[in-house]
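Reviewing the structure listed below.
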Amino acid sequence: TRLYSVEEAAKRLRHLTSSMVDWTVLHRFLPPNLSQEMDLRSATASHFAASLELAREGVLRLRQDTQFAPIYLKTRDLV
């Protein structure tokens, strides 16, 4: 099992979202080849926590249309 840290996920999100223009579902930012269920859970949890931290810092915006719906990320609009 591969456990992902929040710091590692935040670094990955900062890199992958730097050129993002539109809303993109969180799962698109997970590492590829997550074949084990626990690897997927660990990556999802760490990337979700990292996205909350980046939203708090003003780097990302988050959106969820309804309860249990996918979570979308977008870089903060520059004014």
Side-chain angles (χ1 to χ4, degrees):
T1 298
R2 167 84 163 86
L3 298 178
Y4 293 87
S5 70
V6 174
E7 293 80 15
E8 181 181 9
K11 182 178 178 182
R12 180 178 176 79
L13 284 174
R14 283 181 191 276
H15 173 72
L16 293 175
T17 61
S18 62
S19 61
M20 185 175 66
V21 182
D22 205 4
W23 290 102
T24 306
V25 69
L26 174 63
H27 281 221
R28 304 265 317 209
F29 298 102
L30 298 181
N33 304 322
L34 295 171
S35 58
Q36 300 293 322
E37 179 66 22
M38 288 305 294
D39 293 347
L40 177 61
R41 286 180 181 212
S42 174
T44 301
S46 62
H47 282 71
F48 174 65
S51 70
L52 291 175
E53 180 64 25
L54 293 174
R56 186 184 68 78
E57 292 175 8
V59 176
L60 294 178
R61 294 176 57 208
L62 303 178
R63 184 187 90 204
Q64 185 178 30
D65 296 330
T66 61
Q67 191 175 25
F68 302 109
I71 296 169
Y72 291 86
L73 310 175
K74 182 178 180 183
T75 54
R76 184 187 73 198
D77 295 331
L78 299 176
V79 180

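We use all heavy atoms of the structure for the numbers below, so side chains are in, but hydrogens, waters and symmetry mates are not. We're numbering straight along the sequence, starting at 1.
- Across Met20 and Phe29, no two heavy atoms sit closer than the pair SD-CZ, 3.3 Å.
- Residues Thr75 and Leu60 are in side-chain contact: their nearest non-hydrogen atoms beyond the backbone lie under 4.5 Å apart.
- Hydrophobic clustering (side-chain heavy atoms under 4.5 Å, transitive across Ile, Leu, Val, Met, Phe, Trp, Tyr) groups Val59 together with Phe48.
- Put simply, CG on Leu26 and OG1 on Thr44 are 7.0 Å apart, with the number rounded to the nearest 0.5 Å.
- Partners of Arg2 by salt bridge (Lys or Arg N to Asp or Glu O under 4.0 Å), not counting sequence neighbours, listed by chain and number: Glu8.
- Connection of Leu73 to Leu52 is established within a shared hydrophobic cluster, with ILVMFWY side chains joined at heavy-atom distances below 4.5 Å, either directly or through further cluster members.
- Checking side-chain atoms of Thr24 against main-chain N and O of Asp22 turns up a donor-acceptor pair under 3.5 Å.
- For Gln36, the side chain to side chain contact (heavy atoms under 4.5 Å, CB included) partners are Asp39, not counting sequence neighbours.
- The side chain to side chain donor-acceptor pair (under 3.5 Å) check on Glu37 picks up Arg41, with sequence neighbours excluded.
- Within a 6.0 Å sphere centred on CG of Asp65, other residues, nucleotides and ligands contribute more than 12 heavy atoms.
- The hydrophobic clustering, which links ILVMFWY residues whose side-chain heavy atoms are closer than 4.5 Å, places Ile71 and Leu16 together.
- At least one side-chain heavy atom of Arg12 sits under 4.5 Å from a side-chain heavy atom of His47.
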